[in-house]
Every structure is written in structure tokens, then in C-alpha cells.
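Report on the following structure.
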2 protein chains.
Amino acid sequence: MGIHSKKKGLLVVLSGPSGAGKGTVCGALRTYAPELVYSVSATTRKPREGEVNGVNYFFKTRQEFEEMIGEEQLLEWAQYVNNYYGTPREFVKEQLEQGKDVLLEIEVQGAKQVRERFPEGVFIFLLPPSLKELASRIRGRGTETEEIVRHRMSAAEQELGEVEYYDYVVVNDRIEDACDRVRSIITAEHCRRERFINDQPNWLEGM
Amino acid sequence: MGIHSKKKGLLVVLSGPSGAGKGTVCGALRTYAPELVYSVSATTRKPREGEVNGVNYFFKTRQEFEEMIGEEQLLEWAQYVNNYYGTPREFVKEQLEQGKDVLLEIEVQGAKQVRERFPEGVFIFLLPPSLKELASRIRGRGTETEEIVRHRMSAAEQELGEVEYYDYVVVNDRIEDACDRVRSIITAEHCRRERFINDQPNWLEGM
């Protein structure tokens with residue numbers, strides 16, 4: 001009764017403004033959707049106690065990382081505090097070819113690069129329940145000055161404008177509901193007619 | 001925290017070749033997805049013991065039904081054994097405007113009419129796990145002659161060609177999985193970016 005399947009996995013990109021709760025939703029998805037593979041980043045920063053190469057990060061030298069950039073081996077990359085961070089294309093590709101869905105949680109600028117280099121991905125924009133809630137999350141983070149809060153708010157508002165490039169919008173009102181929406185989007189994308197016909201060309205031949 | 005929503009419901013059309021198990025999946029969905037509203041057909045046949053007007057069917061006279069046809073009040077209709085059957089547009093419209101998702105289970109010819117009259121619907125094509133399984137379901141139904149089985153098989157094969165007009169394909173391998181896929185498709189469709197922006201134009205204004 002098994003379907004002879006050439007099913008390829010999906011690259012699912014979860015992004016959205018800071019304060020939307022990407023990290024929290026992504027963490028909950030590890031429990032809620034254990035069948036997903038989580039993209040592993042490459043970085044030039046030194047491993048911390050207990051971090052495992054290929055699990056937490058792919059640890060690279062600056063030279064190795066710069067070669068990866070030059071050879072277009074990264075779906076996106078950026079530099080923070082003198083270290084490079086990026087998403088290796090190869091790891092994602094291998095998982096997809098094995099039929100596994102890969103989740104990539106990333107901020108808006110990185111997602112933009114991924115969209116250019118991997119437009120066949122499924123792009124999900126995570127939103128907090130309202131702008132007011134976004135403000136209170138940004139404010140509630142700690143003891144930042146009013147100026148920093150205003151700066152972050154204006155950055156978040158700019159990031160919100162990116163919504164128009166995404167396939168889906170998920171409102172993060174309750175974590176479980178947000179997880180269910182992400183999981184549903186992945187299930188539905190596998191059922192899209194074009195994808196079904198690509199993935200299972202042998203259906204009509206009766207296998 | 002509530003989102004000021006103008007959310008409209010979705011018309012979800014579940015169709016597919018005979019033998020795919022539309023009725024079984026639809027029956028299971030009543031338990032699995034109780035939030036869905038099931039479209040109620042109009043018919044000219046006489047009510048049977050216990051059938052309630054507006055629940056099981058909208059019971060109409062031939063004259064009333066023909067007026068509905070003339071006034072384009074039906075999303076689809078057909079005549080079987082001297083009785084009319086059809087899907088009243090008004091009932092569907094009312095439910096959608098109340099933000100409810102409506103499920104319409106219908107054979108392939110009827111779905112084709114609905115597609116012409118309500119292209120904004122979400123069209124799901126239900127498939128049995130394989131052609132072989134389809135044949136055995138058609139065969140297994142009873143004591144039909146080989147000729148009737150062959151005739152049904154060839155009709156089903158023709159219906160399969162209609163898959164290209166559908167948005168989604170759901171393989172009915174296990175009832176629960178098929179139900180989960182249908183429910184996921186509905187959840188995902190509500191998250192589509194275009195729909196989110198239409199349904200919740202006030203999000204950015206902070207409500």
C-alpha cells in the first residue's frame with residue numbers, strides 16, 4: 001500500500017520582527033514537531049563548553065568561512081561582533097534530498113538573503129498578537145533606556161514591512177496555536193497539487 | 001489581546017473519484033473538525049422519516065428548484081432519477097460571512113461547476129492510496145458484474161484527470177491522516193499572507 005515516493009523535503013523559513021517570539025516558537029516546535037530537522041549554522045566563533053561541531057554549530061576558521069562565502073556555499077550570512085554566522089547550503093540540501101523538512105529560524109535580513117538564494121522555500125512571517133504587544137515585549141525585555149526602546153520599536157516596524165514577501169503569516173498569540181499553524185502549513189504545502197504531482201509521478205501508473 | 005478581525009470563512013470543496021472515500025473522510029471530519037460547517041443540499045425528493053428541512057436537506061418543489069436554477073442561486077446542481085439535487089449559494093454565503101469555514105463534499109462533476117461559480121474556494125482532490133487500491137475498492141463494493149466494475153474503473157480513471165484543476169491532493173491512506181491533512185490545509189489557507197492582510201487590515205494600526 002506504500003506510495004513509491006520521490007518526496008523531497010521543504011525548507012521552511014521562520015522569520016519575523018524581533019519580539020515576535022521566533023526563538024520560543026522554534027524551541028516549542030522541537031517538541032511539537034520532532035520530525036523537523038533544524039538547520040545548523042556555521043560560525044567562526046569559538047565553541048563554548050559542551051557545544052558539539054555539526055550539532056550546535058559547524059565551527060569554522062575565518063579562512064574557511066570566507067571560502068564558503070566565495071563559493072556561494074551559504075544560503076545567508078552576516079557578521080556580528082567580529083564573528084561570521086551563516087547557513088550552509090550543503091547541510092540543508094542533504095536533508096531535503098532525504099525527504100526531510102528543514103526549519104530555519106532567522107531574522108528578517110537573513111531571510112531576505114535566503115529568499116534570493118532559495119526561492120522555493122516556504123517563508124513564514126511570525127507576528128506578535130498586536131503592535132501594542134510587540135511594544136510591550138520589546139519594553140519588557142529589561143532595563144533599556146527609552147531611547148533604545150524607541151530605536152528597537154522603529155527597527156521592528158521597518159521589519160514588519162517585509163511581510164509582503166512572505167508566503168504565510170502566523171500570529172503568535174498562544175505558543176501551541178502558533179506551533180500548530182506552522183505544522184499545518186508544512187502538511188498543507190506537501191499536499192499542494194503541483195508538489196504532489198512532482199513528488200509522486202508514479203501514482204497514476206498504479207506503482 | 002484579541003485581533004480585530006474581518007475574517008471570512010473558506011469554502012472547502014472535497015472531491016475526487018468515486019472510491020476515494022469522500023463520504024468516509026467527510027463523516028470522520030464531523031468528529032475530527034467539529035468547527036467546520038457542512039454544506040446543506042437542496043433537493044426535490046421527498047423527505048424520509050426523520051429528515052429535517054434545513055438540516056439534512058432543503059426540501060423544495062420542482063418549481064422552486066427550477067427558479068433557483070434560473071436565478072443562479074445554486075453553486076452546482078444535477079438531476080438523478082427524476083429528482084434535482086444542488087448546493088444553495090445563500091446558505092454557504094451566510095456561513096462564510098459569519099467567519100465559518102464550510103465543507104462541501106461533492107463528486108467531480110459538481111466540483112467543476114462550483115469551481116466556475118466560486119473560484120475563490122479551496123479545492124481538495126481526495127485520492128485512494130493507489131490505482132490498485134481504487135480498483136479493489138470499486139470491486140469490493142458488492143456483487144457487480146465484471147462489466148460494471150470495468151465501467152466504473154474507466155469512469156474513475158477519467159475523473160482522475162481532473163486533478164489538475166485542484167489546489168491540493170490528499171491521499172486517503174489512513175482516515176485520521178486524511179482528516180489531519182484536510183484540517184491542516186484549512187489552517188494553512190487562513191495563514192496565507194494575502195488572506196491575512198485582507199482579513200486583518202487593522203493589525204498594523206495596533207488595534
Side-chain angles (χ1 to χ4, degrees), chain A residues 1-5 7 17 122-136 153 156-157 160-174 177-200 202-207, chain B residues 1-5 7 17 122-136 153 156-157 160-174 177-200 202-207:
Chain A
M1 204 131 120
I3 286 168
H4 175 241
S5 168
K7 187 179 143 185
V122 175
F123 291 83
I124 303 177
F125 200 72
L126 193 71
L127 279 183
S130 67
L131 256 194
K132 222 166 113 190
E133 173 70 14
L134 181 63
S136 100
M153 243 348 251
E157 279 173 35
L160 284 174
E162 288 283 307
V163 66
E164 64 174 304
Y165 301 108
Y166 285 72
D167 302 307
Y168 295 96
V169 177
V170 164
V171 174
N172 183 17
D173 37 13
R174 288 174 65 239
D177 290 342
C179 287
D180 179 57
R181 288 175 195 131
V182 171
R183 203 198 57 81
S184 292
I185 288 167
I186 297 170
T187 300
E189 280 285 327
H190 279 295
C191 294
R192 287 175 77 94
R193 190 237 316 139
E194 313 87 296
R195 194 161 275 129
F196 176 84
I197 289 172
N198 268 331
D199 288 353
Q200 305 184 336
N202 297 324
W203 195 95
L204 289 178
E205 281 78 55
M207 288 141 296
Chain B
M1 205 135 117
I3 287 168
H4 176 239
S5 167
K7 188 179 143 185
V122 175
F123 291 83
I124 303 177
F125 200 74
L126 193 71
L127 280 183
S130 68
L131 254 194
K132 223 166 113 190
E133 173 69 15
L134 181 64
S136 100
M153 247 341 256
E157 280 172 37
L160 285 174
E162 288 283 307
V163 67
E164 63 174 305
Y165 301 108
Y166 285 72
D167 303 306
Y168 295 96
V169 176
V170 165
V171 174
N172 182 18
D173 37 14
R174 289 175 63 240
D177 290 342
C179 287
D180 179 57
R181 289 175 196 133
V182 171
R183 203 198 57 82
S184 292
I185 289 167
I186 298 170
T187 300
E189 281 283 329
H190 279 295
C191 294
R192 288 176 78 94
R193 190 237 315 141
E194 313 87 294
R195 194 161 275 129
F196 176 83
I197 289 172
N198 266 331
D199 288 354
Q200 305 183 336
N202 296 323
W203 195 95
L204 289 179
E205 280 78 56
M207 288 142 292

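Note on naming: letters A, B, ... go to the chains in the order of the sequence lines (proteins, then strands), and numbering restarts at 1 for each one.
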Toward chain A, the part of B/Glu157 with a non-hydrogen atom under 4.5 Å | neither

What residue among A/Val170, A/Val169, A/Val163 forms side chain to side chain contact (heavy atoms under 4.5 Å, CB included) with B/Phe196?
-> A/Val169

Tightest non-hydrogen contact, residues A/Asp180 and B/Arg183, listed as OD1-NH2, 3.1 Å

Search all heavy atoms of A/Ile185 against all heavy atoms of B/Ala188 and return the closest pair with its distance.
-> CA-CB, 3.7 Å

Find the distance between NE2 (A/His190) and OH (B/Tyr168) and round it off to the nearest 0.5 Å.
-> 13.0 Å

Kindly say whether A/Glu164 contributes a backbone atom to a donor-acceptor pair with the side chain of B/Arg193 at under 3.5 angstrom?
-> yes

